[in-house]
Structures are given as C-alpha cells and as structure tokens.
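Since the structure comes first, as structure tokens, the remarks are kept for the end.
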2 protein chains.
Amino acid sequence: MNIGAVAAASGVSAKMIRHYEKIGLLGASARSTAGYRQYGERDVQTLHFVRHARDLGFPLEQIGQLLSLWQDTGRSSAEVKCLAEAHLQDLDARIHKLSAMRDTLATLARNCCGDERPDCPILDGLAASAQLDDGPKREPSR
Amino acid sequence: MNIGAVAAASGVSAKMIRHYEKIGLLGASARSTAGYRQYGERDVQTLHFVRHARDLGFPLEQIGQLLSLWQDTGRSSAEVKCLAEAHLQDLDARIHKLSAMRDTLATLARNCCGDERPDCPILDGLAASAQLDDGPKREPSR
DNA sequence: GGTTGACCTTCCCATGATGGGAAGCTTTAG
DNA sequence: CTAAAGCTTCCCATCATGGGAAGGTCAACC
C-alpha cells in the first residue's frame, strides 16, 4: 500500500503520516525501489489508533506513549488510565477557562443593546481598569 | 515612559507590545533620540483594552476591530455586539468540542479498572475501527 | 512507444500567540 | 568609570496542520 491508500484507509492525511514519521511517532516504513513508502494492514490499525487519540485531543507526545503501551502486552492498565486522567484534567482546565471567557463576554453582550448608538457596555468593560469578571454588572457596589 | 514601564502598567509584556506594533495592531510609538519607544497614559489605556480583549479569547485581528470601534465615537453598538456574538459562537463551538472529547474519554476511563493487568478499555476504544462516541459502552449492540 | 495524469519524494513556508535568547547600544545608579 | 539593568533588532521555538514547488515514478490509454 502506498501512502495515499493508508491515508484514505486510516483517515490520517499523507502529509501527517510523513510528519509523524519524521518526529518519531511512527517508525520508518519500508520503501519500494523507487523510494515510495510501503504500508500494510498493521499500519492502518496504528494510524487509526493515532487518529482516535488525536480526536480526543491528546498531544502527539502522549499519543506516542499510548502507542507504546498499546504495543506492550506487559503493560498495566493503570499506566494507561493515568495518562487518560491527566489528559482529562487538561481538558477540564481548558473547558473551564473557555467557559469563564464565554460567561464574562455573554454578560457584557447581554447588557449591550446593539443599536445604532455608540454607547456600549462591551467596550466599557474592555476599557475598565479592573479585572473583567462574570459578576452581576447591576449593583457593582460593595 | 519606556516600554518596560508600560508593560508593567498594562500587564502586556514588552515582547508582545513590540509584536503588536509590528503586525499593525498598535501604531508605531514615538521614539527617543536613542531609538527607545516612548509611551504615555493613553497607551497604557489602549494596552489595558487589548489585554482584556485577549483575556476574553478574542483573536488579535478582532481585537484590532474592537480597538477601531472603541476609538470611533461614531460607532454603533450593534457593530460591537456583532463581533462579540460571533466570538461567543466560536467559544461555544470550542467548548462543545472539548466537552465531547472529555465525555468520551471519561467514559473510556470509567470502564478501565486501572490495575496491574494489561486489559484496558481505553486502548480498546482507541484501537476500535468505529468512531469513538460518548455512547453507553454497556450494550454496544443495536 | 509515447504521452498524460495521478501519485510519490523532499524541502520550505505559513498559521496564532507567545516566548527565549543573542549581539549590541543606552541609561542609570553607585 | 563601571556595572547592571534596560532598550534595540533579529532569529528561532512552540503545536498540529497544511499549502505549494520542483522533480521523480507509475499506470493507463491511444
């Protein structure tokens, strides 16, 4: 199988397959006499695995660790779970950060009437010297 | 005020201030005879604004638009609100994407006993040819 | 046999926001 | 006067992905 065929079969682009090889995530494949990369079914499986891990947001470095564990029949599932839990925490942290942004911005936007007049609580909020915060916005006192 | 002082006053690093100038987000500042950038109170305000917008996750290009609107007293608040709403949608999309990842991974991890044995639903899930999905995992049939 | 088009190779560049660090000049404090 | 701190520009790195160029290869069709 040439690289285009594995790419189609695995859902990982040829460009990325070459890249993963270059950074050492994947081992170097066999080559045809003309220098074309040659792949087999097993490589399709591996790339599927990589794609799924990527779809879950794992960074490539951790995908490499997951691949190693996957191929190591002497692994303990605790090692895998540990990686997964760490990534879950990372995802949670990112979600919370984005949610805080969204809530703050939503509060500002809610107070903006969005008409032809220039007065705008959104701009006022951005210009305010204090930290933006998803606070009440009515009764800012106390 | 030199760049270090505005950086400290605004919370935007000197490195970033130079970068924002280079990409045109900020106009070029005055320079001292020695070539040092010179800033005033007004620049501190502007950088505060930029920092707050950045803290809400706005991309720099949109921050530029917000800055223009802020400085345009003939603006309509509708224009600002439109930018904000678009960014809210972007934030929501990202949050949903991350939440889907988290839910799928959490489901896989929940089924992994995390002990010394090699059997691991997380790896099985990643290796599965089907799309990963936050499905039931018990009774995968039907 | 020759041509064409699809496919492969490597290499360089770009994204977006941020930072590290080098080499060299300026200002300030002791 | 000297040393430290601050400034300048320029290059490189991140992370994952892709675009595109220049050139070689393979298969199919006439």
Side-chain angles (χ1 to χ4, degrees), chain A residues 1-26 28-40 43 46-47 49-67 86-87 90-91 93-94 97-98 101, chain B residues 1-26 28-40 43 47 49-67 83 86-87 90-91 93-94 97-98 101:
Chain A
M1 237 188 314
N2 284 342
I3 199 169
V6 234
S10 67
V12 178
S13 73
K15 206 98 193 195
M16 282 300 101
I17 297 174
R18 293 193 197 99
H19 180 58
Y20 293 164
E21 179 185 315
K22 188 166 53 179
I23 66 174
L25 179 64
L26 305 175
S29 71
R31 298 287 185 128
S32 73
T33 51
Y36 283 22
R37 289 175 179 79
Q38 299 296 139
Y39 299 95
D43 299 299
T46 303
L47 283 166
F49 184 98
V50 170
R51 181 165 70 84
H52 289 149
R54 207 186 51 179
D55 287 347
L56 290 182
F58 280 100
L60 292 184
E61 188 175 343
Q62 289 184 33
I63 294 178
Q65 297 176 29
L66 287 170
L67 268 181
H87 185 49
D90 183 46
L91 288 173
R94 285 199 266 162
K97 211 169 189 175
L98 290 175
M101 291 177 184
Chain B
M1 238 188 312
N2 284 341
I3 198 170
V6 234
S10 67
V12 178
S13 74
K15 207 97 193 195
M16 280 302 99
I17 296 175
R18 293 193 198 97
H19 180 58
Y20 293 163
E21 179 185 315
K22 189 166 53 180
I23 66 174
L25 179 64
L26 306 175
S29 71
R31 298 287 186 127
S32 74
T33 52
Y36 283 24
R37 288 174 179 80
Q38 299 297 138
Y39 298 95
D43 300 299
L47 283 165
F49 184 98
V50 170
R51 181 165 70 83
H52 289 149
R54 206 186 51 180
D55 287 347
L56 289 183
F58 279 100
L60 294 184
E61 189 176 341
Q62 290 184 33
I63 294 178
Q65 298 176 27
L66 288 170
L67 269 181
L83 274 177
H87 184 47
D90 183 48
L91 288 173
R94 287 199 266 163
K97 210 169 188 175
L98 290 174
M101 291 177 182

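Letters A, B, ... are given to chains in the order of the sequence lines, protein chains preceding strands, and every chain is numbered from 1.
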_Measuring only between side-chain heavy atoms, which start at C-beta, is A:R37 closer than 4.5 Å to A:R31?_
yes

_Nearest 0.5 angstrom please: A:I3 CD1 to A:S29 OG, how far?_
7.5 Å

_Within the 4.0 Å heavy-atom criterion, would you say A:S32 contacts the bases, only the backbone, or no part of the nucleic acid?_
nothing

*Choosing from C:dC8, D:dG19, C:dG21, which nucleotide comes nearest the side chain of A:N2?*
C:dC8

*Write down the distance between CZ (B:R51) and P (C:dA17), rounded to a whole number of angstrom.*
17 Å

*So does B:R31 get a side-chain nitrogen or oxygen closer than 4.0 Å to the phosphate oxygens (OP1/OP2) of D:dC7?*
no

*NA contact type, A:R18, heavy-atom cut-off 4.0 Å: base, sugar-phosphate, or nothing?*
base

*Could you state the NZ-P distance from A:K15 to D:dG19, rounded to the nearest angstrom?*
8 Å

*Rounded to the nearest angstrom, tell me the gap between atom CD1 in B:I23 and atom C1' in C:dT18.*
11 Å

_Under 4.0 Å from OP1 or OP2 of C:dT18: is there any side-chain N or O of B:S13 that close?_
no

*Which sits closer to the 5' end of DNA chain D, B:K22 or B:A14, going by the nucleotide each is nearest to?*
B:A14

*What closest approach, in Å, do B:L47 and B:L26 show between heavy atoms, and which atom pair accounts for it?*
CD2-CD1, 3.8 Å

*Options D:dT17, C:dG19, C:dC8, nucleotide nearest the side-chain atoms of B:M16*: C:dG19

*asked:* Counting only side-chain heavy atoms from C-beta out, which of D:dG19, D:dC10, D:dA16 sits nearest to A:L60?
replied: D:dA16

*Given D:dC7, is OP1 or OP2 found less than 4.0 Å from the side-chain N or O atoms of B:R37?*
no

*Got a second to check how far B:R51's CZ is from B:M16's CE, nearest 0.5 Å?*
14.5 Å

*The side chain of B:R54 lies closest to which of these nucleotides: D:dA16, C:dG19, C:dT18?*
C:dT18

_Which nucleotide wins on minimum distance to the side chain of A:T33, given the candidates D:dC26, D:dA16, C:dG20?_
D:dC26

_Give me the atom names and distance for the closest heavy-atom approach of A:A53 to A:I63._
CB-CG1, 3.7 Å

*Mapping A:Y20 and B:A34 onto DNA chain D by nearest heavy atom, which one lands closer to the 5' end?*
B:A34

*Tell me which of B:Y36 and B:H19 sits closer to the 5' end of DNA chain C, going by the nucleotide each one is nearest to.*
B:H19

